[in-house]
Amino acid sequence: MADSAQAQELVYLVTGGCGFLGEHVVRMLLQREPRLRELRVFDLHLGPWLEELQTGPVQVTAIQGDVTQAHEVTAAVAGAHVVIHTAGLVDVFGRASSETIHEVNVQGTQNVIEACVQTGTQFLVYTSSMEVVGPNIKGHPFYRGNEDTPYEAAHRHPYPRSKALAEQLVLEANGRKVHGGLPLVTCALRPTGIYGEGHQIMRDIYYQGQRLGGRLFRAIPASVEHGRVYVGNVAWMHVLVARELQQQAALLGGQVYFCYDSSPYKSYEDFNMEILGPCGLRLVGARPLLPYWLLMFLALLNALLQWLLRPLLLYAPLLNPYTLAMANTTFTVSTNKAQRHFGYEPLFSWEDSRNRTIRWVRAMDGSAP
Ligand SMILES: NC(=O)c1ccc[n+]([C@@H]2O[C@H](COP(=O)([O-])OP(=O)(O)OC[C@H]3O[C@@H](n4cnc5c(N)ncnc54)[C@H](O)[C@@H]3O)[C@@H](O)[C@H]2O)c1
Ligand SMILES: CC(C)CCC[C@@H](C)[C@H]1CC[C@H]2[C@@H]3[C@H](O)C=C4C[C@@H](O)CC[C@]4(C)[C@H]3CC[C@]12C
């Protein structure tokens with residue numbers, strides 16, 4: 001807790017503050033950062049829920065803007081003490097071109113860094129991703145690894161490539177002199193697959209199960225572990241690391257941290273069933289119903305259809321060769337680096353995280369499109 005002399009003096013900027021994770025970061029900052037005076041929420045698309053935040057003691061400033069536009073970013077950053085950069089184009093389904101993904105995720109991040117340098121903002125937290133590490137194109141398993149586990153990070157897909165490049169830019173910027181002469185202090189957080197209230201893919205899978213008469217069909221062997229982390233804990237980690245970056249710049253600056261909590265190690269589908277089971281869905285099959293080669297064939301067919309149909313419409317199903325490889329390759333983390341470096345403990349237990357997500361899914365019951 002801040003003492004009264006420090007009370008309400010800080011200005012924070014959250015880019016992508018209206019996204020799935022960004023909204024949780026914004027709400028968490030308002031609840032858990034007592035030194036906040038102004039919170040700037042920067043996003044391409046502003047959410048109507050921002051209105052309800054205007055009544056509290058912190059000034060919430062909504063800024064509609066584009067991270068690819070350097071002048072818009074600089075204007076938003078000017079005068080901020082801390083930037084939490086969560087904005088990004090999260091696309092593994094082929095909705096956007098690789099050029100657009102690069103522009104938003106890499107050039108956008110470069111713009112944020114340059115804005116900090118030009119305006120004298122000293123602290124920058126970047127939302128990276130597990131995908132900066134893997135799964136790699138060779139499908140090597142990463143079994144309960146940590147930030148120091150050796151792994152061949154090799155990417156072909158534009159999204160992980162862009163996240164890896166952007167993370168590198170952020171880490172290399174640590175120590176650069178910002179306007180006024182002080183050093184820039186940066187770090188990167190790497191969430192695994194985030195779940196929780198507002199998770200679009202969980203919503204899509206729930207609706208798909210409803211359309212299939214309350215059933216989902218197992219596609220991935222139960223033995224393939226996929227890392228998951230609750231959005232509230234990821235948001236809390238952002239708030240905490242941003243605070244501690246200001247206190248322990250030498251230790252935290254230039255570091256990467258996986259995001260973790262006590263969510264169980266399971267396959268992607270079995271984990272989803274922890275949430276969707278109590279919401280009335282059933283996962284059919286103890287083993288995958290289709291052989292892997294057939295799934296890969298369907299994934300390739302989807303990719304071909306996407307390419308053929310592109311001039312007419314956007315065909316972007318969940319299954320494609322990349323998402324199949326993601327779901328079918330073990331990638332889990334086991335680390336306590338964030339606890340050792342900045343005292344992170346998950347704010348939400350697994351039971352809490354699960355119940356909150358279940359409550360959210362149940363609340364959309366009957367609203368399937
Ligand atoms: N969802 C996950 O499982 C996951 C896992 C690891 C890392 N991440 C990272 O977390 C961050 C947030 O992801 P999310 O799942 O909340 O995605 P999201 O799509 O819900 O949120 C991203 C936000 O960024 C905004 N945005 C996109 N392009 C922009 C631009 N040009 N200018 C300004 N704002 C822009 C979007 O409008 C959106 O509100 C991303 O950087 C993503 O790479 C997500
Ligand atoms: C093969 C099908 C039956 C199932 C398809 C599931 C697929 C859509 C899921 C599986 C794994 C998911 C990714 C994973 O949780 C981690 C991330 C990292 C993050 O930076 C962005 C989101 C992403 C890529 C998830 C997207 C959806 C995936 C591929």
Side-chain angles (χ1 to χ4, degrees), residues 14-26 41-47 63-69 72-73 76 84-93 95-96 100-101 103-109 111-112 125-135 157 159-160 162-164 166-167 170 188-196 198-202 204-205 208 216-221 224-231 234-235 238 258-259 267-269 271-272 283 288-290 292 295-296 298-299 302 316-329 331-332:
V14 180
T15 70
C18 293
F20 165 47
L21 172 62
E23 177 176 348
H24 284 266
V25 172
V26 163
V41 182
F42 181 97
D43 205 298
L44 204 50
H45 307 289
L46 295 176
I63 307 170
Q64 198 272 324
D66 185 340
V67 288
T68 68
Q69 301 303 311
E72 294 182 10
V73 179
I84 299 182
H85 178 40
T86 79
L89 193 44
V90 184
D91 182 20
V92 291
F93 305 109
R95 293 185 186 124
T100 307
I101 292 174
E103 207 188 336
V104 175
N105 293 353
V106 184
Q107 188 55 51
T109 301
N111 290 343
V112 170
V125 176
Y126 174 60
T127 313
S128 182
S129 168
M130 66 183 255
E131 285 192 80
V132 161
V133 180
H157 194 279
Y159 173 74
S162 71
K163 294 299 286 185
E167 182 189 273
V170 168
L189 299 189
R190 296 171 172 169
T192 53
I194 308 175
Y195 70 96
H199 186 213
Q200 182 66 44
I201 298 175
M202 183 78 83
D204 292 349
I205 292 175
Q208 195 177 65
L216 290 166
F217 297 94
R218 187 184 291 279
I220 303 298
V224 177
E225 282 186 3
H226 186 80
R228 304 296 284 270
V229 59
Y230 176 62
V231 67
V234 180
H238 280 73
F258 278 120
C259 297
S267 75
Y268 190 75
E269 291 167 313
F271 186 92
N272 286 347
L283 184 62
L289 293 187
L290 300 179
Y292 180 75
L295 265 182
M296 182 48 94
L298 293 173
N302 277 341
L318 284 188
L319 180 66
N320 65 44
Y322 182 74
T323 58
L324 179 58
M326 280 288 292
N328 207 42
T329 307
F331 197 102
T332 41

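Just so it is clear, the values below take in all heavy atoms, side chains as well, and ignore hydrogens, waters and symmetry mates. Position 1 is the first residue of the sequence; numbering continues from there. Both ligands and their constituent atoms are indexed starting at 1 by order of listing.
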Pair Thr127, Leu189 - check side chain to side chain contact (heavy atoms under 4.5 Å, CB included), show working.
CA-CA 5 Å; Thr127 313; Leu189 299 189; 5.6 Å; no
Pull out every atom of ligand 2 sitting under 4.0 Å from any heavy atom of [X], numbered as shown with elements.
| X | value |
| --- | --- |
| Ile201 | 26 (C), 27 (C) |
| Ser129 | 18 (C), 19 (C), 20 (O) |
| Val92 | 24 (C), 26 (C) |
| His226 | 11 (C), 14 (C), 15 (O) |

Determine whether any heavy atom of Tyr159 lies closer than 4.0 Å to an atom of ligand 2.
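Tyr159: in contact with ligand 2 (<4.0 Å).
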Expected rows: ligand 1 N/O, protein N/O, dist below 3.5 Å:
unit_1, atom_1, unit_2, atom_2, d
ligand 1, 3 (O), Ile194, N, 3.0
ligand 1, 16 (O), Phe20, N, 3.3
ligand 1, 16 (O), Leu21, N, 2.8
ligand 1, 20 (O), Phe20, N, 2.9
ligand 1, 31 (N), Asp66, OD1, 2.8
ligand 1, 32 (N), Val67, N, 2.9
ligand 1, 34 (N), Leu44, N, 3.3
ligand 1, 37 (O), Asp43, OD1, 2.6
ligand 1, 39 (O), Gly19, N, 3.1
ligand 1, 39 (O), Asp43, OD1, 3.3
ligand 1, 39 (O), Asp43, OD2, 2.7
ligand 1, 41 (O), Thr86, O, 2.9
ligand 1, 41 (O), Lys163, NZ, 2.8
ligand 1, 43 (O), Tyr159, OH, 2.6
ligand 1, 43 (O), Lys163, NZ, 2.8

Nearest candidate to atom 6 (C) of ligand 2, where distance is taken over non-hydrogen atoms, out of Phe20, Tyr268, Tyr195
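The option holding the nearest heavy atom is Tyr268.
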Which heavy atom of the protein is the closest neighbour of [atom], given with residue, atom name and distance?
| atom | answer |
| --- | --- |
| atom 1 (C) of ligand 2 | Leu319 CD1, 3.7 Å |
| atom 4 (C) of ligand 2 | Ala327 CB, 4.4 Å |
| atom 23 (C) of ligand 2 | Glu131 OE2, 3.8 Å |
| atom 16 (C) of ligand 2 | Met326 CE, 3.5 Å |
| atom 22 (C) of ligand 2 | Val90 CG1, 4.0 Å |
| atom 7 (C) of ligand 2 | Thr323 CB, 4.0 Å |
| atom 3 (C) of ligand 2 | Ala219 CB, 3.7 Å |

Would you say atom 19 (C) of ligand 2 has a protein heavy atom nearer than 4.0 Å?
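Given the 4.0 Å limit, the answer for atom 19 (C) of ligand 2 is yes, a protein heavy atom qualifies.
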Working note: Glu269 + His226, criterion side chain to side chain contact (heavy atoms under 4.5 Å, CB included); need CA distance, chi angles, decisive distance, verdict.
CA-CA 9 Å; Glu269 291 167 313; His226 186 80; over 6 Å; no
What class does the angle between the rings of Tyr230 and Tyr195 fall in, given that below 30° is parallel, 30 to 60° is tilted and above 60° is perpendicular?
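Aromatic pair Tyr230/Tyr195 classed tilted.
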Is a side-chain N or O of [X] found less than 3.5 angstrom from the main chain of [Y], in a donor-acceptor match?
| X | Y | value |
| --- | --- | --- |
| Asn111 | Val67 | yes |
| Thr68 | Glu103 | no |
| Glu225 | Ser267 | no |

Any N/O of Arg228 closer than 3.5 Å to an N/O of ligand 2?
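No, there is no polar N/O contact under 3.5 Å.
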Start with the C-alpha distance between Arg190 and Val133, add both sets of side-chain angles, then the distance that settles side chain to side chain contact (heavy atoms under 4.5 Å, CB included), and finish with yes or no.
CA-CA 9 Å; Arg190 296 171 172 169; Val133 180; 3.4 Å; yes
Taking non-hydrogen atoms only, is Lys163 closer than 4.0 angstrom to ligand 2 via side chain, backbone, both or neither?
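The answer is neither; Lys163 stays 4.0 Å or more away.
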For ligand 2, which part of Leu295 has a heavy atom less than 4.0 Å away: the side chain, the backbone, both, or neither?
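Looking at Leu295 and ligand 2, no heavy atom falls under 4.0 Å.
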What pairs with [X] under side chain to side chain contact (heavy atoms under 4.5 Å, CB included), at least two apart in sequence or on another chain?
| X | answer |
| --- | --- |
| Ala96 | Leu89, Asp91, Thr100, Ile101 |
| Leu324 | Ile220, Tyr292, Leu295, Met296, Ala299, Leu319 |
| Thr329 | Pro135 |

Criterion side chain to side chain contact (heavy atoms under 4.5 Å, CB included) on Ile205 and Tyr268, from CA distance to verdict
CA-CA 12 Å; Ile205 292 175; Tyr268 190 75; 4.1 Å; yes
If only side-chain N and O atoms count, and only distance matters, is there a donor-acceptor pair under 3.5 Å linking Asp204 with Gln208?
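Not at all, the side chains of Gln208 and Asp204 share no donor-acceptor pair under 3.5 Å.
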Between Leu318 and Thr323, what is the shortest heavy-atom contact and its length?
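So the two residues come closest at O-OG1, 2.6 Å.
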Distance-minimising heavy-atom pair for Glu131 and Pro160:
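Shortest heavy-atom separation between Glu131 and Pro160 comes out as O-CB, 3.6 Å.
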